[in-house]
Amino acid sequence: MTLPAKAFQRWLQGIAPDASTADVCRVSGIKRTTLAQQLVRGKVSVSTVVSIARAYNINPLTALSYFEEYRELAGPLQPPTRCELISQISTQDLMRALLARPAMCPGESSPARPPALTPAPHATSVKNWVDAIDDGEVRHRVSASTGVAPQNYSAQLTANRLSAELALATSRAAGVGLANGLVASGLLTEEEAGWPADARQSALDGLSDGDLTALAGDRLQAMGKVLRRQEQDQAQTEKIWENLG
């Protein structure tokens, strides 16, 4: 989803009334040509607003709520569910946590605590998030409400990306906090979305050894399917090149 250029300029005038376009681009790291092209087209990307908001020490969530399309973000937001928090923990972190559990180290009195969790998002954070909140009909409801074909929606999940528009639509369809999908897609950080500090770590610590083992196994199985598919594609590509001589 893009934002109207006129609304963007009003917002920008409000936060940086004396700044020139060059000043804004310099502090935000946005190329002047990129911003100029967006303004000429009359459509400014959401990521542009987020970058500028951060540069001026404004919470991107607050900045987005200025725009009509994101006005819902201004109200009190639901905190992430435990399933959502777990979905934003990478497979590598899950494995490290599992190997540090006493059940995995019966000969050690106090296994070393694994390092801090890597920040969200991770390699499969978008698909994991949707899977975590899907009651079996979420994908259909999102498609019906947005007009996005199911296969196009699935393609975004497979590519581990989700537009802001679809992230909000998915949150609405599942009845979860509206900002949570923006964290899974990498647009916002956990802190910017108002997630409690150490929420993911607390959710991970709350998993039983059996649940953690099962979850790690599911993640590894999914990773194995992706890797096998990539290997098959690579083998097919090499065969085509061989046939071409």
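The environment of CD in Glu191 is sparse: at most 12 heavy-atom neighbours from other residues, nucleotides or ligands sit within 6.0 Å.
With hydrogens and angles disregarded, no donor-acceptor distance shorter than 3.5 Å links the side chain of Asp134 to the backbone of Asp131. Looking only at distances, a side-chain donor or acceptor of Arg200 sits under 3.5 Å from a matching main-chain atom of Gln88. Put simply, the side chain of Ser185 never gets that close to the backbone of Arg161: no donor and acceptor are under 3.5 Å apart. Under a 3.5 Å cut-off, the side chain of Ser143 and the backbone N or O of His140 do not form any donor-acceptor pair. With hydrogens and angles ignored, the 3.5 Å screen pairs a side-chain donor or acceptor of Gln156 with a backbone N or O of Ser163. Not one N or O on the side chain of Thr48 forms a donor-acceptor pair closer than 3.5 Å with the backbone of Val44.
Members clustered with Val148: Val126, Trp129, Val130, Ile133, Val138, Val142, Tyr153, Leu157, Leu162, Leu166, Val176, by chain and number, using a 4.5 Å side-chain heavy-atom cutoff among hydrophobic residues. Annotation for Met95: hydrophobic cluster partners, listed by chain and number, are Leu220 (ILVMFWY side-chain heavy atoms under 4.5 Å, direct or chained).
Ion pairing between Glu231 and Arg228 fails under the 4.0 Å rule for side-chain N and carboxylate O.
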Requested in this report: Give the intermediate values and the outcome of side-chain hydrogen bond (donor to acceptor under 3.5 Å, both in side chains) for residues Thr118 and Asp93.
Outcome: CA-CA 7 Å; Thr118 52; Asp93 283 338; 2.8 Å; yes
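For Pro121, the side chain to side chain contact (heavy atoms under 4.5 Å, CB included) criterion is met by Ser125, not counting sequence neighbours. Not a single salt bridge (Lys or Arg N to Asp or Glu O under 4.0 Å) links Arg32 to another residue, sequence neighbours left out. For Asn59, the side chain to side chain contact (heavy atoms under 4.5 Å, CB included) partners are Leu61, Thr62, Glu192, not counting sequence neighbours. For Lys31, the side chain to side chain contact (heavy atoms under 4.5 Å, CB included) partners are Thr33, Thr34, not counting sequence neighbours.
In this structure, a donor-acceptor pair under 3.5 Å is present between the side chains of Gln234 and Glu238.
Nearest approach of Ala63 to Trp11, heavy atoms of both residues: CB-CZ2, 3.6 Å.
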